[in-house]
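Here is how names work: the chains are called A, B, and so on, in the same order as the sequence lines, proteins then strands, and each is numbered from 1.
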Number of protein chains: 2
Amino acid sequence: MNTNVDIENFILDFSNSCQKKQKKNFSKNEVVTTYIKNRNQLCILLDGHADLVRYDLNGNRTIVEHFSKNALFGEVFYTITTNNELLVEAKSNCTVLFYIYDDIFHKCRNNCKFHQNLSENLPQLILNKVTDLNMRIELLTQRSTRDKLLRYFSLLSTRNLSKTFELPFSLTDLADYLSVDRSAMMRELKLLKEDGLIEKVGNRIILLYK
Amino acid sequence: MNTNVDIENFILDFSNSCQKKQKKNFSKNEVVTTYIKNRNQLCILLDGHADLVRYDLNGNRTIVEHFSKNALFGEVFYTITTNNELLVEAKSNCTVLFYIYDDIFHKCRNNCKFHQNLSENLPQLILNKVTDLNMRIELLTQRSTRDKLLRYFSLLSTRNLSKTFELPFSLTDLADYLSVDRSAMMRELKLLKEDGLIEKVGNRIILLYK
DNA sequence: TATTTTCCGTTGCAAAAGCAACACATTATG
DNA sequence: CATAATGTGTTGCTTTTGCAACGGAAAATA
């Protein structure tokens with residue numbers, strides 16, 4: 001079921017017709033939003049790339065999610081239970097729509113075209129998010145750094161329909177995304193190269209197995 | 001926004017009125033379903049507890065998700081990209097509704113009460129799942145076994161509104177849920193006790209800090 | 001109730017991952 | 001363009017984790 005076209009149109013409608021929204025642009029490295037208890041914000045990334053980042057008390061930085069076009073984020077999706085900072089950082093110039101989730105559903109009682117579109121399309125958008133999160137969990141449940149790398153590469157390879165692909169992260173960020181120590185990850189990358197499983201040219205990875 | 005009552009009613013409606021469904025009972029340890037490519041099944045757990053379990057090629061068992069009342073699962077939420085076995089195992093007697101996702105949305109073009117309810121309530125149900133998955137990711141991104149345990153305990157404590165709570169897992173299963181070695185986890189549990197951070201009486205944990 | 005199976009708790013040893021530090025390359029920025 | 005900031009690649013050492021194995025407790029089952 002390819003719903004991409006539907007979703008494109010829906011988001012356009014959404015971004016043009018809803019009153020209770022804000023549309024903002026951000027440049028690279030700007031903070032798009034910080035997660036705040038009880039605010040219940042819902043955001044749609046119209047364009048660009050951004051990361052949800054957590055800074056914990058040990059000083060570790062974790063990239064919790066990586067967002068690209070049409071990704072959803074905001075407190076609606078996240079029950080905040082710690083004092084860890086959670087922020088969304090723009091990784092490129094990007095455009096974001098902001099809503100308060102409760103508004104959307106209160107207005108849903110009216111029968112306007114916009115809200116009809118909304119209730120038809122939001123499930124699919126959220127569903128995409130769920131599958132993303134499940135892929136993320138599959139990554140994180142790999143027991144070793146090596147397996148995390150291989151799983152991640154295999155995912156990118158599938159997504160690109162090619163054994164060759166660009167990393168969407170710097171290596172430093174990749175470590176924060178896999179939730180491992182950077183130097184340990186570099187060591188493992190070297191081993192993967194030595195074992196002839198991958199090649200790495202700059203930002204480009206080539207899978208050599210299977 | 002408390003939507004629990006709505007969702008209860010919706011699920012009742014759902015389970016009584018939809019033609020293209022199956023309702024089945026399972027007893028403890030039975031396999032509820034196996035994830036199969038391109039089937040696109042959607043399941044609702046009406047009652048009981050069940051786990052989504054992955055067996056990987058290294059022989060590791062991972063509890064990917066833990067489901068309780070009203071949880072959603074099935075291939076709709078999961079893009080299968082490996083040959084790892086993914087199965088849902090009943091952890092107690094349970095009742096499950098089975099649908100094929102595509103059917104649900106094709107029928108949505110009609111205006112029957114059931115599908116109106118569906119499109120109103122499914123987003124909220126899925127949203128609950130998203131927040132669950134995000135909590136899961138927060139757990140898995142903890143860098144050490146110790147932090148995973150503490151984070152998990154803190155979650156259960158918040159959920160129970162008490163520093164004392166029952167583990168919903170056997171210790172063996174808990175290790176598979178945190179994606180760590182069981183013996184290493186036991187060692188860490190012992191250290192937590194020795195450091196005076198927790199007490200453990202049978203299946204019951206008592207948090208001693210803060 | 002007897003017996004098999006699963007789970008708990010522990011340990012020694014090996015392997016993996018984290019930490020800290022550094023040099024060098026690359027990329028931003030005044 | 002000069003300089004600062006950030007990212008890459010590497011290494012020695014320490015700590016954590018995983019593995020294998022075992023005995024006993026508890027639970028399921030015949």
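Rounded to whole Å, the distance from CG on B:L191 to C1' on C:dT10 is 12 Å. Residue A:N60 contributes atom CG, which lies 13 Å from atom C1' of C:dA17 at whole-angstrom precision. Here C:dC8 presents its P atom at 11 Å from CD1 of B:I205, a figure rounded to the nearest Å. Between B:E194 atom CD and C:dT10 atom P there is a gap of 9 Å when expressed in whole angstrom units. Computed from coordinates, the A:M186 CE to C:dA23 C1' distance equals 13 Å when rounded to whole Å.
By the 4.0 Å N-to-carboxylate-O rule, B:R143 lies too far from A:D56 to be salt-bridged with it. In this structure, B:D195 pairs ionically with B:R146, as a charged nitrogen and a carboxylate oxygen lie closer than 4.0 Å. The pair A:R61-A:E89 meets the salt-bridge criterion, since a charged nitrogen lies less than 4.0 angstrom from a carboxylate oxygen.
Nearest-nucleotide assignment on DNA chain C puts the 5′-proximal partner with B:F169, out of A:M185 and B:F169. Toward the 5′ end of DNA chain D lies the nearest nucleotide of A:N203, the other residue of the pair A:N203 and B:R143 mapping further downstream.
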Derivation of the side-chain contact (heavy atoms from CB on, under 4.5 Å) call for B:L127 and A:I126 = CA-CA 7 Å; B:L127 211 49; A:I126 299 181; 4.1 Å; yes

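Look at B:K190 and you'll find a side-chain N or O under 4.0 angstrom from OP1 or OP2 of C:dT11. Proximity of B:T145 to the phosphate of D:dT16: no side-chain N or O atom is located under 4.0 Å from OP1 or OP2.
Comparing C:dG9, C:dA20, D:dA28 by their closest approach to the side chain of A:S183 singles out C:dA20. Of the candidate nucleotides C:dG9, D:dG9, D:dC19, D:dC19 has the atom nearest to the side chain of B:R187. Residue A:K28 places its side chain closer to C:dA28 than to any other of C:dT10, D:dT17, C:dA28.
Residue side chain B:R182 reaches the base of C:dG9 through a donor-acceptor N/O pair under 3.5 Å, judged by distance alone. Between the side chain of B:S170 and the base of C:dC8 there is no donor-acceptor pair of N/O atoms closer than 3.5 Å.
Within the nucleic acid shown, B:K200 comes within 4.0 Å of sugar-phosphate atoms alone, with no base atom in reach, counting heavy atoms only. Counting any heavy atom pair closer than 4.0 Å across all strands shown, B:R146 reaches no nucleic acid atom.
Aromatic ring centres of B:Y78 and B:F73: separated by at least 6.0 Å.
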